[in-house]
2 protein chains.
Amino acid sequence: MSAHTQSLQDLIDAFSMLPGIGRKSATRLAFYLIRQPAETASKLATAITSARERIRFCEICQNLCECSPCERCAHPVKDEQLLCVVESPQDLVAIEATHEFHGRFHVLHGAISPLDGISPSDLKIRELIARLGDNTFTEVILATNPSIEGEATAAYLKRLIEPLGIKVTRIASGLPMGAQLEYADKATLGRSLLDRREI
Amino acid sequence: MSAHTQSLQDLIDAFSMLPGIGRKSATRLAFYLIRQPAETASKLATAITSARERIRFCEICQNLCECSPCERCAHPVKDEQLLCVVESPQDLVAIEATHEFHGRFHVLHGAISPLDGISPSDLKIRELIARLGDNTFTEVILATNPSIEGEATAAYLKRLIEPLGIKVTRIASGLPMGAQLEYADKATLGRSLLDRREI
């Protein structure tokens with residue numbers, strides 16, 4: 001006899017598949033859910049199904065959207081000649097929240113990582129190069145993460161984009177605002193010295 | 001324009017309702033799910049719906065089950081005259097896993113907690129007393145948590161059950177196996193002294 005009844009065990013198993021959710025958390029979630037009104041459970045189930053069915057890639061920026069081209073691509077922006085390349089939709093949202101960028105976006109959906117088996121062809125790079133073909137953009141800002149994979153992806157993209165005669169820039173790395181030099185890690189402090197600028 | 005597309009936002013909102021899942025975790029789960037094959041998402045959605053639809057209380061032990069009486073109640077046990085009262089189905093599973101108990105179970109689905117608005121009538125206490133009426137049980141083991149609520153519930157149940165002429169016992173409290181006296185909290189160490197036994 002298994003510890004839990006079958007459909008409860010199935011639910012625990014299904015929750016356990018999610019990232020960051022272990023068996024204990026999954027059990028807690030499952031018990032919580034079956035004690036809620038039926039609408040709560042059906043709301044979650046419907047949200048899962050409909051999100052999975054409706055969401056697709058925008059044909060222009062490759063961000064996730066429900067209609068293609070997405071709302072962002074369908075509206076005019078201030079800096080039509082600026083393109084910001086990010087790894088993920090979450091990164092796009094983070095950059096938008098700064099209110100410092102008013103150009104177009106392109107989402108790669110990952111970064112080159114041979115160890116994880118992610119090669120350039122797994123990313124939306126072909127779509128990026130195609131997009132740069134019509135000479136709309138004068139500058140491409142590579143806003144991939146300042147990680148090994150993000151830096152590698154940025155270096156790879158720079159080699160591809162420069163021959164097109166488009167200016168390629170990289171977001172700045174250095175000490176976070178409000179940080180203290182004393183506690184900064186060596187790599188970040190070193191980078192902030194290398195990338196020092198005149199004031 | 002909202003940060004995420006509508007059905008993605010709905011999914012994030014639905015995940016956020018779950019206990020212990022904040023906005024950041026909910027976003028991570030949502031993005032994970034829409035990148036998985038469609039079967040993964042539909043498997044989770046189906047598990048949620050079917051668990052919520054199928055699971056009910058066993059008419060005998062009040063544990064969660066799909067058919068009533070549940071599998072446990074339908075099978076004979078070694079100690080038919082022993083009844084162990086627990087707060088939750090998880091507690092039942094924990095006790096069963098010790099292989100030290102071979103009697104029947106009764107699940108209260110909570111503990112008395114006036115601060116949380118949980119009174120005896122919110123628990124499966126009426127069902128417990130009804131079950132004790134047919135003189136099957138000679139001993140009731142109160143295995144509620146050694147917390148304020150669990151102790152209060154045990155005291156309340158003791159007052160109800162003793163007049164029925166049934167022996168009422170409480171699981172032992174004391175130092176956990178492998179613990180060190182030096183680091184034990186005062187309440188636990190004090191209890192282990194009060195509840196000392198001859199060896």
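Chain letters run A, B, ... following the sequence lines, proteins first, then strands; residues in each count from 1.
Listed options B:G20, B:A14, B:S42, B:S88 were ranked by heavy-atom pairs under 4.5 angstrom with chain A; first place goes to B:A14. Ranked by heavy-atom pairs shorter than 4.5 Å toward chain B, the options A:T27, A:L92, A:I55, A:I12 are led by A:I55. Most heavy-atom pairs under 4.5 Å with chain A: of the set B:H109, B:Q90, B:R54, this distinction falls to B:Q90. Across A:T49, A:D10, A:L29, the residue that shares the most heavy-atom pairs under 4.5 angstrom with chain B is A:L29. Chain B forms more heavy-atom pairs under 4.5 Å with one residue of A:N63, A:L64, A:D13 than with any other, namely A:L64. With chain B as partner, the option from A:C70, A:C67, A:P89, A:A97 having the largest number of non-hydrogen pairs under 4.5 angstrom is A:P89.
Contacts of A:Q36 with chain B are made by backbone atoms alone, with heavy-atom separations under 4.5 Å and no side-chain atom involved. Within the 4.5 angstrom heavy-atom criterion, only side-chain atoms of B:I21, from C-beta onward, approach chain A. Using a 4.5 Å cut-off between heavy atoms, B:T46 makes no contact with chain A at all. Residue contact with chain B, scored on non-hydrogen atoms closer than 4.5 Å, involves the side chain of A:F31 exclusively.
Side chain to side chain, A:S7 and B:E66 meet the donor-acceptor criterion of an N or O pair below 3.5 Å. For A:E87 and A:T144, the side-chain atoms include no donor-acceptor pair closer than 3.5 Å.
A 4.5 Å side-chain heavy-atom check between A:R170 and A:I141 finds every atom pair outside the cut-off. Side-chain contact between A:F137 and A:R131 is present, with at least one heavy-atom pair separated by less than 4.5 Å.
For A:E39 and A:K43, the salt-bridge test fails: no basic side-chain N is under 4.0 Å from an acidic carboxylate O. Salt-bridge annotation for A:R191 and A:E151: present, with a side-chain N of the basic residue lying under 4.0 Å from a carboxylate O of the acidic one. A salt bridge links A:E96 to A:R72: at least one charged side-chain nitrogen sits closer than 4.0 Å to a carboxylate oxygen.
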